[in-house]
Undergrad: 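Dumping the structure here so I can ask a few things about it.
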There are 2 protein chains.
Amino acid sequence: MTTSERKRRMPRAERERQMMGVAEEIFAERGYAAVSMDEIAERCGVSKPMIYEYFGSKEGLLVACIRAARADLSKCTLEAVAGAGSVEEALRRGLVAFFDFTDTHRRSWSLMLRNEAALAGPVAIAEVEEARREQVELDITLFAAFVPDKPRTELEMLAQILVGACERLSLWYVNQSEVTAAQAADMLMSVLWSGVAGDIPPG
Amino acid sequence: MTTSERKRRMPRAERERQMMGVAEEIFAERGYAAVSMDEIAERCGVSKPMIYEYFGSKEGLLVACIRAARADLSKCTLEAVAGAGSVEEALRRGLVAFFDFTDTHRRSWSLMLRNEAALAGPVAIAEVEEARREQVELDITLFAAFVPDKPRTELEMLAQILVGACERLSLWYVNQSEVTAAQAADMLMSVLWSGVAGDIPPG
DNA sequence: GAGTCCAGCTTACCCGGAGTAGGTTACTTG
DNA sequence: CAAGTAACCTACTCCGGGTAAGCTGGACTC
């Protein structure tokens, strides 16, 4: 970040990445509504119309950020699941990867969860919902292998339960210093495996 | 709603209720960001400064609506739980009451869940979070009676898991015609009781 | 029934931030 | 070097949250 670097022209792809980086940071920190496009532009060392040129609208920028963050998350969990030998192991690895992600990429996670409800336009909402859907589909696939006799509707319900539990749990545990990602994953795993009365297995 | 009725002066409490009713309806329908204060004022047959007089800001109005809706929900679930003979029954009754509420009071529910993330001001966020906290506390109490040997931290995690699962599940199932509130409650009950492999008990 | 008080109400404005029209600059390519 | 175009800018419009300042009608006193 040399001073001479700061006002150089950039090719579109690079500028887009920069804009999304800046946006992700301050959207996650202060919330979508509290951030102005002028501020984002200024921090990029560029004027406002450039952002509109590349992202169309403030909502468009947020959607792009959320989709990118979701893609990262999906990539992490998918990779973790891919290396597993059994279905149970896949589930556990997926959970650990998820909580690790929410712990190490707090900005991205806060961006996704705290701002997706700030969207108003139906198209934007649909696009974000579509990005979230990947998560649900992965869980359905896992459950389908885990309990093959259940009908699709029940698998879908199980997946929704899991996704909701993951989200709330991670929102809660980022403020708790004494709980680790692995513990959260274990807790959830134990509930899924044998209900609330089940013991937490050793890490 | 006679024509002569429409422009009468109202005492503050009554006007506040009317404003919150109007706001709840259109916030839930179109989302916080897409609704203007002028529109709310017009629908109330009153001018904008009146709303500011009573609620301070647009956020203040939303917070008031969310808190009222949360209070309704809390009342329903608490009443349902109160009449139970065993802890297990309390849990089941609470779940059924919850899903019934989200099904029959869709406006209130949509208001709470879809708009709480639209808040930007820290005080507003804290107030809403406080309202949600009641739900978590109830669940902790139930789990504490259910699995008395577990430490507080684990009970808290279980409660977060349950709340998250309830929220996601209800968000999903309001769009599904073939799933009833009772089925959703049963599904969740079965998972909590014996994990994902457990059968759904007969209604 | 004239005076006064104040809760409920209004008009008319400010201002910040989303979004845009139209023009300028510098890099590439023949 | 001329031409073309991708990156960029200045200078606006307009909408919506929020406010200042004043009006009104009914309740309550004397």
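Values in this document were obtained by computation on a predicted structure and should not be read as measured data. Per chain, numbering begins at 1; letters A, B, ... match sequence-line order.
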Undergrad: Picking from C:dT10, D:dT24, C:dT20, which would you name as closest to the side chain of B:Val46?
TA: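 Shortest atom-to-atom distance from the side chain points to C:dT10.
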Undergrad: Which whole-number value in Å describes the distance from B:Asp38 CG to D:dT19 P?
TA: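 So the CG-P distance, B:Asp38 to D:dT19, works out to 14 Å.
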Undergrad: The side chain of B:Tyr54 is closest to which nucleotide in this list: C:dG8, D:dC8, D:dT19?
TA: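 Nearest listed nucleotide: C:dG8.
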Undergrad: Please determine, for the side chain of A:Lys48, which listed nucleotide (D:dT24, C:dT10, C:dT20) has the closest atom?
TA: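 Selected nucleotide: C:dT20.
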Undergrad: Return the value, rounded to whole Å, for the distance between atom CD of B:Glu42 and atom P of D:dG16.
TA: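 Checked: the CD to P distance equals 12 Å.
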Undergrad: To the nearest angstrom, how far is B:Glu53 atom CD from D:dA20 atom P?
TA: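 It works out to 12 Å between those atoms.
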Undergrad: Considering only side-chain heavy atoms of A:Ser36, which listed nucleotide, D:dG25, C:dG17, D:dA7, is closest?
TA: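 Output: C:dG17.
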Undergrad: Would you kindly compare B:Val35 and A:Met50 by the position of their nearest DNA chain D nucleotide and give the one closer to the 5′ end?
TA: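 By nearest-heavy-atom nucleotide position, the 5'-most residue is A:Met50.
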Undergrad: With heavy atoms under 4.0 Å as the rule, sort A:Phe55 into base, sugar-phosphate or nothing.
TA: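 Contact class for A:Phe55: none.
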Undergrad: For a quick test of reading the model: is some side-chain N or O of B:Arg15 closer than 4.0 Å to OP1 or OP2 of C:dC9?
TA: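 Result: yes.
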Undergrad: Rounded to whole Å, please give me the gap between OH in A:Tyr52 and C1' in D:dC8.
TA: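 After rounding, the reported distance stands at 17 Å.
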Undergrad: Is there side-chain contact between A:Gln18 and A:Arg15, with heavy atoms separated by less than 4.5 Å?
TA: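 Heavy-atom side-chain distance check passes, below 4.5 Å.
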Undergrad: Step through it carefully: locate the ring centre of B:Trp109, locate the ring centre of B:Phe98, and say whether they are under 6.0 Å apart.
TA: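 Between B:Trp109 and B:Phe98, the centre distance is under 6.0 Å.
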Undergrad: Please work out if B:Met37 contacts a base, only the sugar-phosphate, or nothing of the nucleic acid, heavy-atom cut-off 4.0 Å.
TA: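 Touches sugar-phosphate only.
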Undergrad: Tell me: CD of A:Glu16 to C1' of D:dC8, nearest whole Å?
TA: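 Answer to the nearest Å: 15 Å.
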Undergrad: When you get a sec, tell me which of D:dC8, C:dC9, C:dG8 is the closest nucleotide to the side chain of B:Pro11?
TA: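 Of D:dC8, C:dC9, C:dG8, C:dG8 is nearest to the side chain of B:Pro11.
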Undergrad: Among D:dA6, C:dG19, D:dA20, find the nucleotide with the atom closest to the side chain of B:Pro49.
TA: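 My answer, after comparing the listed nucleotides, is D:dA20.
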Undergrad: Check the orientation of A:Phe99 and A:Tyr173. Use parallel for under 30°, tilted for 30 to 60°, and perpendicular for over 60°.
TA: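 The rings of A:Phe99 and A:Tyr173 stand perpendicular, inter-plane angle above 60°.
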Undergrad: Measuring from the side chain of B:Ser47 (C-beta onward, heavy atoms only), which nucleotide among D:dC9, C:dT11, C:dG17 has the closest atom?
TA: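 For the B:Ser47 side chain, the nearest candidate turns out to be C:dT11.
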Undergrad: Which nucleotide sits closest to the side chain of B:Lys58: D:dC8, C:dG8, D:dG17?
TA: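 Nearest nucleotide to the side chain: D:dG17.
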Undergrad: So for atom CD, which belongs to A:Glu42, do other residues, nucleotides or ligands contribute more than 12 heavy atoms lying within a distance under 6.0 Å?
TA: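 Counting neighbours around CD of A:Glu42, 12 or fewer heavy atoms of other residues, nucleotides or ligands fall under 6.0 Å, so no.
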Undergrad: Determine whether B:Glu156 and B:Gln160 satisfy the following criterion, side-chain hydrogen bond (donor to acceptor under 3.5 Å, both in side chains), listing intermediate values before the conclusion.
TA: CA-CA 6 Å; B:Glu156 172 87 42; B:Gln160 295 289 342; 3.0 Å; yes
